[in-house]
Amino acid sequence: MTGELVRHPDAETLAADVASRLLERLEEAQSRGEVPQIGLTGGSIADAIHRELARRAPDSSVDWSRVVIWWGDERFVAADSPDRNERQAREALLDHVPVSPAHVHPVPSSSEVPTAEDAAAAYSATLGTHGADGFDVLMLGVGPDGHVASLFPGHEALDADDTVAVAVHGSPKPPPDRVSLTFPALNRAKAVWFLVSGEEKAAAVAAARSEGPVSETPARGVRGLDETLWLVDETAASRL
Ligand SMILES: O=C(O)[C@H](O)[C@@H](O)[C@H](O)[C@H](O)COP(=O)(O)O
């Protein structure tokens with residue numbers, strides 16, 4: 001089961017739909033008295049979604065102080081680097097909604113720990129304690145090569161199955177040093193939402209939704225416990 005495909009005419013309607021779905025999911029969880037946990041991703045469509053969430057937040061009933069924020073991956077760079085997924089998410093969303101700092105869990109940066117291995121170990125420990133229930137919604141961008149988070153085709157990090165987060169070196173997508181959740185950690189999410197826009201992703205979407213080795217197309221290796229959605233625009237779906 002590769003998950004439900006939801007097509008959108010363009011990136012703007014895709015971002016609007018994802019933001020609407022996420023706000024609704026957060027409201028539903030909070031109406032059940034839960035404190036939902038979400039996993040953010042990096043990348044361009046994610047940034048558009050974050051900005052749309054910030055725009056819509058004032059009109060939603062989501063209590064952002066009762067939302068727990070994680071990242072599926074992070075670039076191992078200085079805390080103030082524009083390459084940080086955390087920095088991009090704060091600028092687009094988290095600085096515009098009243099999140100509780102105690103509920104925002106960035107991956108340690110190279111300003112705080114000396115190596116990506118240290119950052120991965122620290123993040124594994126934090127997620128192991130504070131995030132043990134798993135993500136309610138994990139959002140994942142998909143690269144043109146079918147990577148998700150920072151799990152790239154043929155990379156040794158794909159085989160890391162005894163830890164929550166793993167250091168990644170030699171990433172084909174710069175910057176080279178990263179921290180990524182591993183497949184076991186990604187697959188603890190109740191809902192996995194793949195967010196894909198652009199012609200350059202069309203082959204990856206088609207590959208990910210067909211049989212074949214996970215090492216060739218890492219997106220094949222992730223699905224939600226209860227829900228897997230492919231939220232795509234028409235250009236990204238053009239090879240299906
Ligand atoms: O740290 C990262 O680079 C991201 O987490 C990565 O997995 C991203 O989501 C995809 O590469 C898609 O990025 P775009 O949407 O910018 O193509």
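For ligands, and for the atoms within them, numbers begin at 1 and follow the listed sequence. Hydrogens, waters and symmetry mates play no part in the numbers below; they use all other heavy atoms, side chains included.
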Peer 1: Strictly distance-based, threshold 3.5 Å: is any side-chain N or O of Tyr123 a donor or acceptor partner for the main-chain N or O of Trp71?
Peer 2: yes

Peer 1: Partners of Glu200 by salt bridge (Lys or Arg N to Asp or Glu O under 4.0 Å), sequence neighbours excluded?
Peer 2: none

Peer 1: Between side-chain atoms of residues 33-42 and protein atoms elsewhere (two or more places apart, or another chain), which donor-acceptor pairs fall under 3.5 Å?
Peer 2:
unit_1 : atom_1 : unit_2 : atom_2 : d
Glu34  : OE1    : Arg32  : NH2    : 3.1
Glu34  : OE2    : Arg32  : NE     : 2.9
Gln37  : OE1    : Trp70  : NE1    : 2.6
Thr41  : OG1    : Gly141 : N      : 3.3

Peer 1: Taking only residues two or more places apart in sequence or in another chain, which ones pass side chain to side chain donor-acceptor pair (under 3.5 Å) with His8?
Peer 2: Asp17

Peer 1: Report yes if some heavy atom in the side chain of Val68 is under 4.5 Å from a heavy atom in the side chain of Val104; otherwise report no.
Peer 2: no

Peer 1: Output the set of protein residues with a heavy-atom contact under 4.0 Å to ligand 1, ordered first by chain identifier and then by residue number.
Peer 2: Thr41, Gly42, Gly43, Ser44, Ile45, Asp73, Arg75, Asn85, Gly141, Val142, His147, Ala149, Lys173, Arg178, Lys201

Peer 1: Within a 6.0 Å radius of atom CZ on Arg7, are there more than 12 heavy atoms belonging to other residues, nucleotides or ligands?
Peer 2: yes

